[in-house]
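Notes follow the structure.
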Amino acid sequence: MKSVTDIKQELESNGYNWLPNYKNIAERVWLKMETYFDEDEKVLSALWASFKRYEEEMIGIVFITSKRTFTIEVQDDYNSSQIRYLPFDSYSLQKILVQYSKTDSKLNYVSLQNDSFGNGITFATPSKKVLKHFIDTLRGVTGGDIEILPDSDEPLLAENEKEQLIDKDLEKAKENKPHKFEEKHEEELPKVKESNMWKKSSFVNEQKEVPIKIVPAKLPKQKKKVSGYATKWKSKTWLLWFLIPLLLIIVLVLYVFINRTYV
């Protein structure tokens, strides 16, 4: 961010020594422009002027720096304090029209046009020196043609736009002459005859009652429990009943054998 003092000093180093003294631009725009500048860019020129943005009367400053070209502007209405920042590409300018006033009390104009129909925006400033410095600086940052018009006290492109030029006779000739493609198109595409095999759909929306059947949900099949003597074989509890008597017999035989041995 640059301070107002830094901006003023950089402009002075480029031969610019005119502070805004037109329509209170110094207070409403000049003193509030610090945040719109980067520290690594140099301010080359400034054009303070009034102009028309669409249907709104505006006042502001057009800055040319080493990085960009932009406007800082507010509505030409003291009830409005909203500042706008609008950059534009100076390389896209096709033509720059300059008109100096005959008398010092009138405004000087510069029109920045971005197409061959004259569409663009026109700035008006009371200072010839400010306008000349701006144009001389703009020569080095744009490829557009700069045209100096004869001095005049009449406004230059007061509406900021020119109507698009149309050759009315040529347009009428185009309307009366049929297009070749359309004629050929109609010849090559004959109307398709309707076939008797086609089925015509009825536009009557017939509602039919559909009986609703409630189908119970199928439950999963449960495995049948096997009862009886066979279940004991599957559970293997029979083995326990077989081993208990066998162990008792073995213990009894060992007991008798031991007693006889000691007798």
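- Atom NZ of Lys132 sits about 12.0 Å away from atom OG of Ser127, to the nearest 0.5 Å.
- Considering only heavy atoms from C-beta on, Thr69 stays 4.5 Å or farther from Thr65 through its side chain.
- Using a 4.5 Å heavy-atom cutoff, the side chains of Asn108 and Phe123 are not in contact.
- No hydrogens or angles considered: nothing links the side chains of Glu41 and Ser66 as a donor-acceptor pair under 3.5 Å.
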Review point. Between Asp153 and Ser101, is a side chain to side chain donor-acceptor pair (under 3.5 Å) present by the stated rule, with each step listed?
Key: CA-CA 5 Å; Asp153 291 338; Ser101 63; 4.7 Å; no
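- Heavy-atom minimum distance, Leu19 versus Lys8: CD1-CE, 4.1 Å.
- Counted within 6.0 Å of CG on Asp89, heavy atoms from surrounding residues, nucleotides or ligands total more than 12; the atom is thus considered enclosed.
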Review point. Should Val29 and Ile83 be marked as a side-chain contact (heavy atoms from CB on, under 4.5 Å) after you check the CA-CA gap, both sets of side-chain angles, and the distance that decides it?
Key: CA-CA 8 Å; Val29 180; Ile83 296 180; 5.7 Å; no
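- Residues Ile96 and Asp145 form no side-chain contact, since every pair of their non-hydrogen atoms from C-beta on lies 4.5 Å or further apart.
- With respect to Glu57 and Lys23, no salt bridge is recorded, no charged nitrogen being found less than 4.0 Å from a carboxylate O.
- For Leu107 against Ala124, the heavy-atom pair with the smallest separation is CD1-CB, 3.8 Å.
- In this structure, CH2 in Trp18 is found 10.5 Å from CD in Glu12, a value given to the nearest 0.5 Å.
- Residues Ser152 and Glu154 bring no donor and acceptor atom of their side chains to less than 3.5 Å of each other.
- Side chains of Ile146 and Arg139 form a contact here, defined as non-hydrogen atoms less than 4.5 Å apart.
- In this structure, OG1 on Thr71 lies 7.0 Å from CD1 on Ile121, to the nearest 0.5 angstrom.
- Val62 has its side chain out of reach of Phe51: every pair of non-hydrogen atoms, C-beta onward, lies at least 4.5 Å apart.
- The environment of CD in Gln82 is sparse: at most 12 heavy-atom neighbours from other residues, nucleotides or ligands sit within 6.0 Å.
- Looking at every heavy atom in both residues, Pro20 comes nearest to Ala26 through O-CB, 3.4 Å.
- Leu149 is not listed as a side-chain neighbour of Val98, based on a closest heavy-atom distance of 4.5 Å or more.
- Counting all heavy atoms, side chain and backbone alike, Ile25 lies closest to Ile61 at CG2-CG1, 3.7 Å.
- A pairwise comparison of heavy atoms in Ile59 and Gln75 identifies CG1-O, 4.5 Å as the closest pair.
- Environment of NZ in Lys129: sparse, with no more than 12 heavy atoms of neighbouring residues, nucleotides or ligands closer than 6.0 Å.
- Remark: the backbone N or O of Tyr100 is not paired with any side-chain donor or acceptor of Tyr109 at under 3.5 angstrom.
- Side-chain contact of Thr125 with Tyr22: a donor-acceptor pair under 3.5 Å is absent, judged by distance alone.
- Of the charged side-chain nitrogens involved, none lies within less than 4.0 Å of a carboxylate oxygen, so that Lys52 and Glu56 do not count as a salt-bridged pair.
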Practice item. Show your reasoning for whether side-chain contact (heavy atoms from CB on, under 4.5 Å) applies to Leu97 and Val110. Key: CA-CA 6 Å; Leu97 298 179; Val110 55; over 6 Å; no
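- With sequence neighbours left out, Ser45 forms a side chain to side chain donor-acceptor pair (under 3.5 Å) with His133.
- Among pairs with a residue in residues 29-39, those fulfilling side-chain hydrogen bond (donor to acceptor under 3.5 Å, both in side chains) read Asp38-Lys67, at least two apart in sequence or across chains.
- Minimum interatomic distance between Leu131 and Gln99 (heavy atoms only, all atoms of both residues): CD2-O, 4.5 Å.
- If you take CD on Gln113 and CD on Gln94, they are separated by 9.0 Å, rounding to the nearest 0.5 Å.
- Here Thr122 contributes atom OG1 and Leu112 contributes atom CG; the two are 7.5 Å apart, rounded to the nearest 0.5 Å.
- No side-chain donor-acceptor contact under 3.5 Å links Asn114 and Ser92.
- Residues Leu86 and Met33 are members of separate hydrophobic clusters, defined by side-chain heavy-atom contacts under 4.5 angstrom among Ile, Leu, Val, Met, Phe, Trp and Tyr.
- Between the CG atom in Asp136 and the CG atom in Asn14 there is a gap of 12.0 Å [rounded to 0.5 Å].
- Only one option out of Trp48, Phe70, Phe88, Phe134 pairs with Phe63 in a ring-ring contact (aromatic ring centres under 6.0 Å, His included); it is Phe70.
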